[in-house]
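One structure below.
So that the names make sense, note that chain A is the first sequence line, chain B the second, and so on, each numbered from 1.
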Amino acid sequence: MFEHEQQKISERIRSFCVQNDLPQPVEIAWSPVPFSGEWGISTSFFQLAAQEARQIKERTGQGVNVPQRAQEIAASVAEYLGKVPGFSRIEAVKGYLNLYFSSSEYARRVVDTVLAQGRRFGAGEPKSDRVMVEYAQPNTHHSFHIGHARNAILGEAMARLVEFAGYETIRATYPGDIGLGVITVLWAYDRFYKGQEPQGIHERGQWLLKIYVEATSLLEKKEDETEEDKKRRESYEQERREMLRKWDAGDPYVRQLWKETRQWSLDELEDIFDILGIHMDVWFFESDVDEPSKAIVDELIRLGIAEDERPFGGAVIVKIDEKLGLKKEKYRTNVILRSDGTTLYLTKDLALAKVKFERYHVDRSVYVIDVRQSLYMQQVFKILELWGFPQAAKCHHLGYGFVSLPEGAMSARRGRVVLFKDVLDDAERRVLSVIAEKNPSLSGEVRQEVARQVGLGALKYAMLSVDNNKDIVFDWDAALNFDGHTGPYIQYAAVRCNSILRKASAEGIELQEDVAFDYALDAAEVQLIDLISRMPSEVQRAANEYKPLTIANLAYDLARALNDFYDRCPVLKAEPDIRLARLRLVMAARQAIVNTLAILGIETPDAM
RNA sequence: GCCCCCGUAGCUCAACGGACAGAGCACCUGCCUUCUAAGCAGAUGGUUGUGGGUUCGAAUCCCGCCGGGGGCGCCA
């Protein structure tokens with residue numbers, strides 16, 4: 001928020017260097033002065049001193065004490081700058097130049113800016129790059145578990161982040177609606193359950209998972225298998241293969257069965273997207289990309305990127321390291337078409353990337369996919385590069401660690417999964433019981449809505465406050481904790497703001513726009529304003545580094561500062577002038593918290 | 001064999017190459033007739049796995065080692 005001041009002072013530092021025969025600093029980096037209490041910006045002179053020291057060493061061979069010299073430079077710069085308008089004082093400490101803001105003036109500017117911009121506070125200027133974020137690639141004929149939820153929550157936060165940072169953003173999902181897993185469910189459904197259909201979107205979706213688990217068990221070879229078991233299993237296997245063949249051949253009965261059951265999964269998926277606040281712009285179905293993707297194989301062969309080993313009974317492959325001219329093995333070789341002419345994931349991903357670039361004109365492509373696919377994703381990007389797509393350099397794999405259970409990895413095949421819907425239902429129950437205890441005056445209807453917002457907030461924040469490439473062991477109690485470093489803690493801070501504002505209005509206090517912060521600000525107020533002012537730059541940094549975590553941290557820091565302020569600075573009972581200023585600050589703080597939470601896809605309740 | 005990720009307080013995790021490595025949980029002590037205690041303050045807790053290197057400065061970058069996880073031509 002203070003780029004203008006920073007730039008002006010940077011210029012003066014540069015001219016100071018010229019006048020004093022110092023090397024030109026490569027970069028003058030500004031950061032907030034750490035340690036609470038006062039508020040300002042800071043830069044250091046270590047680099048400059050080291051640059052100078054190197055020159056002296058070259059000329060005279062003499063060594064220089066860099067920290068000491070940095071402090072000297074900082075001190076003379078402080079003297080050179082003298083009194084700078086807008087800053088109350090300047091100091092040189094340990095090689096750092098600290099410029100402290102005139103609190104009242106800047107406090108007012110920060111607060112006014114936030115309130116003028118409202119929901120847009122923190123947003124970046126529009127940028128020319130178009131970004132596509134692909135996330136939520138669950139298989140149909142399954143149910144949605146917390147591993148899928150991590151993907152969807154992270155992907156949505158990423159999409160909101162780049163969008164808020166100023167990029168044109170396209171959200172894309174890529175459900176896997178074909179393959180052996182899907183056929184397995186079709187077979188078992190047709191064989192044992194045809195005609196049955198549970199009522200309720202989630203019941204139906206979960207039922208398909210149950211069928212899948214049963215079917216897998218029936219098709220799995222058992223240790224103590226009898227001759228009879230074996231015969232039965234083999235005949236089941238035969239039936240499944242027949243089902244796959246018929247699907248491939250476009251058999252109307254099987255296709256109809258597939259479409260019907262697939263729709264059940266999609267109904268559930270759409271409902272979950274709805275719950276999570278996700279609105280996809282583009283749906284790429286695996287079944288749609290399958291056949292057309294074969295065309296790119298010929299193209300890659302023609303271009304000399306892929307090698308066709310089918311005449312010798314092999315597949316179509318790309319020797320990536322060789323084509324890149326690498327000596328050491330790094331990206332290896334991968335198959336882009338099976339020897340029997342059927343497609344692989346890679347076939348489809350390459351074709352899909354082409355569509356993204358050519359039809360959707362995507363400049364940057366973000367893939368939110370399990371970190372275990374990391375080599376695979378690198379292979380995709382490298383092949384795209386060989387293929388001549390300049391956008392390949394701006395493809396980014398946002399990997400995330402997998403979610404496991406205390407008892408081990410989740411396994412859909414074995415039915416050992418924690419379903420997202422179950423966790424959410426439990427979260428809402430827990431919130432309701434907390435409300436009953438803490439805020440029984442909330443009306444029944446509002447309670448339900450608050451339970452949804454807070455329960456979801458807890459879940460989402462638990463997923464987003466951990467670095468994406470760290471694995472998560474899902475702990476029911478930890479994920480649904482409402483105290484401390486959690487979503488509800490942050491929501492609660494915003495709710496406290498609402499409380500104050502509501503009460504102010506009830507007491508007939510009129511809010512004013514022309515309010516000065518002409519009093520000795522408490523350290524908590526300074527800290528709060530400081531954090532608020534960082535939001536715009538944090539948004540840019542987080543978007544450029546593809547790190548929603550940064551925003552999750554900022555949201556928490558804001559909430560903590562607000563709670564501290566709440567405790568130390570009375571608002572309604574303060575002197576009238578201070579009261580008006582603090583009310584404005586409360587409004588601004590609420591807006592900043594609401595905006596950071598919005599990036600994370602977390603709603604803020606009015607009360608809780 | 002090669003590649004990727006991780007190792008920070010008892011536990012779960014933060015920390016643009018920068019100033020005293022911070023939170024939460026758990027445990028202990030205080031604070032509700034004062035804007036909702038889903039809160040605040042305080043106490044305890046660290047040779048950032050290990051040995052080198054680069055740098056004025058390293059949890060962060062580079063190399064070796066130890067430990068954990070993941071991946072590596074017709075699965076997705």
Side-chain angles (χ1 to χ4, degrees), chain A residues 29 31 33-35 42 44 46-47 49-51 53-54 64-70 93-96 98 137 139 176 179-181 286 309 314-319 328-340 342-346 348 370-376 378-379 399 401-402 431 434-435 437-439 441 454 458 465-467 469-473 475 477-478 481-486 488-493 495-504 507 537-538 541 545 549-550 552-553 556-557 560 563-564 566-574 582 586 607-608:
Chain A
S31 57
V33 181
F35 324 125
S42 165
S44 76
F46 296 109
Q47 272 187 346
Q51 258 174 275
R54 271 192 292 276
V64 174
N65 182 331
V66 171
Q68 198 184 324
R69 179 66 184 137
V93 183
K94 295 180 183 171
Y96 288 84
N98 295 334
Q137 308 90 340
N139 286 327
L180 194 61
E286 201 180 339
E309 295 184 337
V316 181
I317 62 167
V318 179
K319 295 178 176 169
K328 275 176 62 179
E329 64 173 359
K330 174 88 181 168
Y331 302 105
R332 302 172 162 272
T333 297
N334 210 345
V335 176
I336 62 167
L337 193 72
R338 284 198 188 92
S339 48
D340 66 3
T342 57
T343 67
L344 289 149
Y345 230 57
L346 184 53
K348 288 168 271 198
D370 191 327
V371 72
R372 283 173 291 191
Q373 307 296 326
S374 120
L375 172 62
Y376 169 78
Q378 294 311 308
Q379 291 175 329
F402 54 84
V431 177
V434 175
I435 293 174
E437 180 197 334
K438 312 241 182 203
N439 196 1
S441 61
V454 175
S465 59
V466 180
D467 191 277
N469 51 35
K470 228 148 199 164
D471 292 344
I472 292 181
V473 177
D475 180 274
D477 289 320
N481 181 22
F482 306 144
D483 300 328
H485 189 187
T486 66
Y489 173 94
I490 301 165
Q491 291 170 316
Y492 184 66
V495 161
R496 282 181 139 180
C497 295
N498 283 332
S499 252
I500 294 174
L501 295 169
R502 202 178 301 121
K503 192 143 185 184
E507 287 180 9
S537 58
E538 288 292 296
R541 185 162 75 90
E545 295 174 6
L549 172 64
T550 309
N553 287 342
Y556 176 71
D557 289 341
R560 213 156 57 93
N563 277 329
D564 189 27
Y566 184 93
D567 208 56
R568 291 169 55 155
C569 306
V571 177
L572 298 176
K573 288 198 179 344
R582 285 187 174 160
V586 166
M608 64 190 268

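- When distances run from any side-chain atom of A/N439 to the nucleotides B/rG73, B/rA19, B/rU36, the shortest one goes to B/rU36.
- Here, B/rG52 and B/rC75 have their P atoms 49 Å apart, quoted to the whole Å.
- In terms of phosphate contacts, A/K330 brings no side-chain nitrogen or oxygen within less than 4.0 Å of OP1 or OP2 of B/rC72.
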| Candidate pair A/D370 and A/R372, rule salt bridge (charged side-chain N to carboxylate O under 4.0 Å, His left out), full reasoning | CA-CA 5 Å; A/D370 191 327; A/R372 283 173 291 191; 2.7 Å; yes
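- When distances run from any side-chain atom of A/L375 to the nucleotides B/rC72, B/rC35, B/rA76, the shortest one goes to B/rC72.
- Of the side-chain N and O atoms in A/K348, none sit less than 4.0 angstrom from OP1 or OP2 of B/rA76.
- Proximity note for A/N553 (side chain, C-beta onward) versus B/rC74, B/rA14, B/rC40: the nearest is B/rA14.
- Taking the syn range as angles within 90° of 0, the glycosidic angle of B/rC32 is syn.
- Relative to the side chain of A/D483, the nucleotides B/rA41, B/rA19, B/rG39 differ in distance, and B/rG39 lies closest.
- Residue contacts for A/L344: at a heavy-atom cut-off of 4.0 Å it reaches the sugar-phosphate backbone alone, with no base atom in range.
- Using a 4.0 Å heavy-atom cutoff across all strands shown, A/D557 reaches no nucleic acid atom at all.
- Close to B/rA76, at under 4.0 Å from its OP1 or OP2, lies a side-chain N or O of A/R338.
- Of the candidates B/rC2, B/rA76, B/rU36, B/rC2 carries the atom nearest the A/R332 side chain, counting heavy atoms from C-beta on.
- Closest to the A/D467 side chain, of the nucleotides B/rA14, B/rG39, B/rC35, is B/rA14.
- Among the heavy atoms of the strands, none lies under 4.0 Å from A/E437.
- Base-pair partner of B/rG17: not found among the strands shown (Watson-Crick or G-U wobble, both distances under 3.5 Å).
- What separates CG of A/N334 from C1' of B/rA76 is a distance of 12 Å, to the nearest Å.
- The listed nucleotides are B/rC5, B/rA19, B/rC35; the one nearest the side chain of A/I500 is B/rC35.
- Side chain to side chain, A/N563 and A/Y489 meet the donor-acceptor criterion of an N or O pair below 3.5 Å.
- Considering only the side chain of A/P67, B/rC56 comes nearest among B/rC13, B/rA76, B/rC56.
- Using a 4.0 Å heavy-atom cutoff across all strands shown, A/V316 reaches no nucleic acid atom at all.
- For the pair A/D370 CG and B/rC75 P, the computed distance is 19 Å after rounding to whole Å.
- Across all strands, A/Q378 comes closer than 4.0 Å to no nucleic acid atom at all (heavy-atom distances).
- Taking atom C1' in both B/rC11 and B/rG17, one finds a spacing of 30 Å when rounded to whole Å.
- More than 12 heavy atoms of other residues, nucleotides or ligands lie within 6.0 Å of CD in A/Q378, so this atom counts as buried by the packing criterion.
- Under 4.0 angstrom from either OP1 or OP2 of B/rC16 there lies at least one side-chain N or O belonging to A/R541.
- Base engagement by A/N98 is indicated by at least one non-hydrogen atom pair under 4.0 Å involving a base atom.
- Within the nucleic acid shown, A/D564 comes within 4.0 Å of sugar-phosphate atoms alone, with no base atom in reach, counting heavy atoms only.
- At least one side-chain heavy atom of A/L344 sits less than 4.5 Å from a side-chain heavy atom of A/R338.
- Among the protein residues, A/S441 comes within range of no part of the nucleic acid, since none of its heavy atoms lies under 4.0 Å from any strand.
- Between A/K328 and B/rC3, a side-chain N or O to OP1/OP2 separation shorter than 4.0 Å is present.
- For A/Y345 and B/rG73, the shortest distance from a side-chain N or O to OP1 or OP2 is not below 4.0 Å.
- Nucleotides B/rC66 and B/rC20 place their C1' atoms 31 Å apart, quoted to the nearest Å.
- Listed nucleotides: B/rC74, B/rA37, B/rC40. Nearest to the side chain of A/Y492: B/rA37.
- Across the P atoms, B/rA59 and B/rA9 are found 14 Å apart, a figure rounded to whole Å.
- Comparing A/V66 and A/L549 by the nucleotide of RNA chain B that holds the closest heavy atom to each, the one mapping nearer the 5' end is A/L549.
- Within 4.0 Å of A/V64, counting heavy atoms only, lies no atom of the nucleic acid at all.
- Put simply, A/R560 has no side-chain N or O that comes within less than 4.0 Å of OP1 or OP2 on B/rG24.
- Using a 4.0 Å heavy-atom criterion, one finds that A/R582 contacts no nucleic acid atom at all.
- Taking atom P on both B/rU54 and B/rC63, the two are 15 Å apart, rounded to the nearest angstrom.
- Atom NE2 of residue A/H485 and atom CD1 of residue A/I490 lie 6.0 Å apart, to the nearest 0.5 angstrom.
- Comparing B/rA76, B/rC56, B/rU36 by their nearest atom to the side chain of A/S499 picks out B/rU36.
- Nucleic acid contact class of A/K319 (heavy atoms, under 4.0 Å, all strands): none.
- Nucleotides B/rG49 and B/rG67 place their C1' atoms 7 Å apart, quoted to the nearest Å.
- Using a 4.0 Å heavy-atom distance criterion, A/A607 is classed as a base contact.
- The distance between atom CG of A/N563 and atom P of B/rA41, rounded to the nearest whole Å, is 9 Å.
- B/rC61 and B/rC16 are spaced 14 Å apart, taking the C1' atom of each and rounding to whole Å.
- The C1' atoms of B/rU8 and B/rU48 are separated by 4 Å, rounded to the nearest whole Å.
- Contact check, A/Y566 against B/rA37: a side-chain N or O comes under 4.0 Å of OP1 or OP2.
- Residue A/I317 is in base contact, counting any heavy-atom pair closer than 4.0 Å across all strands shown.
- Nucleic acid contact class of A/V571 (heavy atoms, under 4.0 Å, all strands): base.
- At whole-Å resolution of the value, CZ in A/F482 and P in B/rC25 are 14 Å apart.
- Side-chain contact between A/L375 and A/R332: present, with at least one pair of heavy atoms (C-beta onward) separated by less than 4.5 Å.
- In this entry the distance linking CZ of A/F402 with P of B/rG70 reads 6 Å, nearest Å.
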